[in-house]
There are 2 protein chains.
Amino acid sequence: MGHTRWLDDEEMRTWMAFIPASNLVARELDQQLKEESGLSHLQYEILIHLNAAETGALRMTELAERLINSKSGLTYQVGQMEKAGLVQRRQCEWSRSGVLAAITDEGRAALERAAPGHVAKVREVLIDVLTPEERKAIADGLGRVRDRLIAEKDGDTCW
Amino acid sequence: MGHTRWLDDEEMRTWMAFIPASNLVARELDQQLKEESGLSHLQYEILIHLNAAETGALRMTELAERLINSKSGLTYQVGQMEKAGLVQRRQCEWSRSGVLAAITDEGRAALERAAPGHVAKVREVLIDVLTPEERKAIADGLGRVRDRLIAEKDGDTCW
DNA sequence: ATTGCGCGGTTCAAATTTGAACAGCATCGC
DNA sequence: GCGATGCTGTTCAAATTTGAACCGCGCAAT
């Protein structure tokens with residue numbers, strides 16, 4: 001690896017679109033969710049994931065990995081949400097040391113209340129701004145980016 | 001606005017690629033920068049922006065807007081960086097209440113030290129994973145997303 | 001059985017981030 | 001000239017986030 005391969009103009013355009021768009025979209029959605037439903041984006045996503053699970057529950061670690069958050073951060077947030085009655089901690093059946101976070105009826109209700117506004121905002125700031133071709137390119141390209149980074153976390157350095 | 005227009009499959013794929021990719025890339029870069037140069041991604045970007053300015057200095061608010069961070073957050077970080085000798089506060093010439101953050105020689109040195117590894121990582125996790133077509137779509141599409149959100153902040157509700 | 005290690009979660013202190021309240025300067029209309 | 005109003009940046013307390021240290025359990029080798 002000799003000298004650095006700097007980004008050319010086209011690559012820089014990509015980078016300078018990706019980073020600010022990420023930050024702005026994240027900020028916008030977080031704010032909208034908080035205002036409209038009192039949930040942070042992280043809390044919303046926790047509910048989404050739990051709700052999507054057939055049993056309505058997931059292990060803490062599983063959740064942390066999916067949400068790309070530290071374990072301790074998740075412990076904290078689940079604690080907050082438990083206080084708020086949105087989730088409930090249960091013990092994992094087959095592993096005494098495991099902990100399940102389970103969505104409550106109240107959690108589902110909060111989700112249903114928050115979802116329409118959230119989806120509308122997602123459309124407004126991202127989905128409806130993109131052409132179908134762009135959406136496909138993003139789904140494919142960033143999907144690959146995502147998968148590689150996730151894979152790296154597990155196997156670590158497949159190269 | 002009758003019922004919610006939920007995301008269809010293709011749109012959901014886009015969304016479920018965008019969010020995790022954003023988070024993972026941000027985390028990866030932040031970590032790499034911290035390890036390799038002791039700078040957080042935010043600090044790195046502050047240096048980049050200051051360095052790009054002809055005078056090597058920018059107003060605090062200007063910087064906060066570009067970096068998509070709260071004013072108070074920027075005050076804090078610039079404080080940290082000032083302690084570390086990477087930047088220096090100066091008074092804005094034409095406005096007694098304005099404050100300029102100026103990059104120092106030490107700051108430039110830190111930037112030069114950090115840049116090669118950072119760019120390499122950006123290539124590794126994002127740029128080189130994408131095809132040229134995908135890069136173009138992302139530059140165009142997310143560029144538009146970015147611009148709309150920035151415009152909204154200024155004029156606010158152009159609709 | 002027993003020792004030792006590894007995993008799953010939590011605790012803890014420290015760093016960061018945020019929004020609201022505040023202080024100084026600027027500017028515009030009266 | 002003088003007060004009203006609006007910026008700019010900072011301060012402050014509260015919320016969140018992070019990584020390292022830690023605790024209890026399970027599991028494998030001895």
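Residue numbers begin at 1 in each chain, while the letters A, B, ... track the order of the sequences.
Residue A:N69 places at least one side-chain N or O closer than 4.0 Å to OP1 or OP2 of D:dT18. Side-chain nitrogen and oxygen atoms of B:R59 include none within less than 4.0 Å of the OP1 or OP2 phosphate oxygen of D:dC7. The side chain of B:R89 contributes no N or O atom lying less than 4.0 Å from OP1 or OP2 of D:dG9. Note on A:Y76: every side-chain N or O is 4.0 Å or more away from OP1 and OP2 of D:dT17. For the OP1/OP2 pair of D:dA15 and a distance below 4.0 Å, the side-chain nitrogens and oxygens of A:Q80 include no atom meeting the criterion. For A:R96 and D:dG24, the shortest distance from a side-chain N or O to OP1 or OP2 is not below 4.0 Å.
One can place CG of B:D30 at 12 Å from C1' of D:dT17, the figure rounded to the nearest angstrom. The CD-C1' distance, from B:E62 to D:dG9, rounds to 15 Å in whole Å. A:M60 places its CE atom 16 Å from the C1' atom of D:dC23, with the value rounded to the nearest Å. If you measure from atom CH2 of B:W94 to atom P of D:dC7, you get 17 Å, rounded to the nearest angstrom. One interatomic measurement links the two molecules: CD of B:Q77 to C1' of C:dA15, which rounds to 9 Å at whole-angstrom precision. The distance between atom CG of A:L74 and atom C1' of C:dG9, rounded to the nearest whole Å, is 10 Å. Here the C1' atom of nucleotide C:dT16 and the CZ atom of B:R27 are 14 Å apart, to the nearest Å. In this structure, CG of B:N23 is placed 11 Å from P of D:dT17, rounded to the nearest angstrom.
Using a 4.0 Å heavy-atom distance criterion, A:T61 is classed as a sugar-phosphate-only contact. Across all strands, B:G73 comes closer than 4.0 Å to base atoms (heavy-atom distances).
Summary of the strand contacts: A:S97 and A:L42 both lie near DNA chain D, and taking for each the nucleotide with the nearest heavy atom, the more 5' one is attributed to A:L42. Residues A:L100 and B:K71 both approach DNA chain C. Their nearest nucleotides, taken by heavy-atom distance, put A:L100 toward the 5′ side.
Between the base of D:dG19 and the side chain of A:S72 there is a donor-acceptor pair shorter than 3.5 Å.
A donor atom on one side chain and an acceptor atom on the other are found under 3.5 Å apart for A:E133 and A:T131.
Although no hydrogens or angles enter the test, the distance criterion places no donor-acceptor pair under 3.5 Å between the side chain of B:R90 and the main chain of B:A57.
Between B:T75 and B:R89, the shortest heavy-atom distance links the atoms O-NH2, 3.6 Å.
Taking the six-membered ring where the residue is Trp, A:F18 and B:F18 present perpendicular rings, their angle passing 60° and hence far from 30°.
Within 6.0 Å of NZ on A:K121 lie more than 12 heavy atoms contributed by other residues, nucleotides or ligands.
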